[in-house]
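Data block below; observations after.
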Amino acid sequence: MVPYKQPYHWSQGIVHAACVVLVEVQTNEGVTGYGECIGTPSAPAIEAHLRLAEGMCLNRSPFENARLMKEVYHALFESFGTCSSPRYAGQLLAGLEMALWDVMGKASGRAVHELLGGAVRDEIQYFGFPQGETAQEVAAWAKQLADEGCSVFYVKVGRGDALDLEVVEQVRAVIGPDCRLRLDPNEHWGRLTASRMIPKVAEFDIEFIEQPTHCESISALAQVRQASPVAIAADQAVFTPAEVYDVCRENAADLIVLGLHETGGITNFRKAAHIAEAAGINICTHGLYETGITTCAMNQAAATIVNLDDGNQYMNHFLQWDIVKHPNLELKNGRLPVLTGPGLGFQLDDDAVERAKELYVKSVQ
Ligand SMILES: [Mg+2]
């Protein structure tokens with residue numbers, strides 16, 4: 001568990017720390033790879049399921065990654081008929097899948113993006129993500145980002161009509177007319193709220209509204225999009241390649257927001273991105289309560305995606321400190337270079353891992 005610099009406010013609540021389960025994979029040749037799973041709602045439950053997967057990976061080659069994921073998914077979920085499990089399975093398998101990629105890269109002396117066919121870009125661009133409880137706080141942070149040269153902004157809404165409008169108005173005022181501004185109500189604008197709020201926020205030149213409606217209905221998203229004067233992005237509606245296909249087929253979104261913890265790792269993330277590419281839709285990387293490990297893994301995957309957006313999300317900069325020692329993941333001009341590896345391209349900070357472990361233990365006592 002790594003605490004945030006300040007409480008993180010969004011439509012579903014307030015978050016104070018990132019809780020992850022560190023996944024370590026060792027080979028008999030002395031190669032160690034790392035990944036991480038999001039540790040919610042219960043890190044021990046995630047760990048228990050990972051232990052089942054661990055048993056299936058013993059004495060197997062990391063270069064069987066895709067086959068191992070298929071076998072684990074079958075054994076833990078499909079074989080019990082739990083057809084509603086793809087989303088949880090994605091959250092569970094992401095850490096193991098990325099750790100296996102880390103091993104594959106380190107064993108080969110190559111960056112993971114090289115094993116994936118090579119990078120199509122030299123850097124990944126990110127959006128500015130101002131935080132705060134009040135509109136004044138969000139706007140003050142946005143002003144600071146604008147002064148640093150940020151040109152794409154993303155703010156959380158869905159926290160009540162009055163506060164939402166105040167946030168949008170104040171942020172637009174400080175970033176000026178030329179910057180791009182995106183809003184994310186995180187499923188809190190049902191169709192009625194969306195029809196009321198979207199015309200109001202549209203006056204502030206909004207680039208897109210992300211996942212206004214509930215995650216389970218692609219149809220609701222498509223219907224909001226049909227009536228909306230502002231572009232619509234899909235986030236929680238899409239986890240799997242099949243869901244990306246459905247969003248594209250239903251014309252439900254102008255952009256797809258997707259991360260490794262939804263798809264279950266790098267391979268499925270790339271499959272999903274390719275489907276969106278065929279539909280002419282960009283992929284914006286998604287952030288969750290994660291550390292620099294995910295930022296590095298996502299960097300490797302995103303490097304290979306042709307239809308990557310130019311304003312991506314990452315969350316490790318909200319952490320008070322990271323468990324990644326190297327490289328420095330601080331953005332320069334809103335960008336990170338594509339990491340050179342080997343593997344996922346990071347070195348773990350063992351002391352920070354120990355500190356994170358102590359904080360977690362203390363939090364559950
Ligand atoms: Mg979102």
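Values reported hereafter were calculated over all heavy atoms of this structure, with side chains retained and with hydrogens, waters and symmetry mates removed. All residue numbers refer to positions in the sequence shown, counting from 1. Remember, it's 1-based here, ligands and their atoms both numbered in the order they're listed.
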Would you name the N/O/S atom of [X] that lies closest to the Mg ion (ligand 1)?
{"X": "D184", "result": "OD2"}
{"X": "E210", "result": "OE2"}
{"X": "D235", "result": "OD2"}

Do any side-chain atoms of residues 350-359 form donor-acceptor pairs under 3.5 angstrom with protein atoms, and if so which ones, sequence neighbours left out?
none

Hey, what's the ring geometry for Y314 with Y126, parallel, tilted or perpendicular (30° and 60° as the breaks)?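 Aromatic pair Y314/Y126 classed tilted.
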
Any carboxylate oxygen within less than 4.0 angstrom of a Lys/Arg side-chain nitrogen, looking at D310 and R180? yes

Return each pair, listed once, that meets ring pair (Phe, Tyr, Trp, His ring centres under 6.0 Å) where at least one residue sits in residues 143-199; pairs must be two or more places apart or across chains.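 Ring pair (Phe, Tyr, Trp, His ring centres under 6.0 Å) check on residues 143-199 returns F127-Y154, F129-Y154.
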
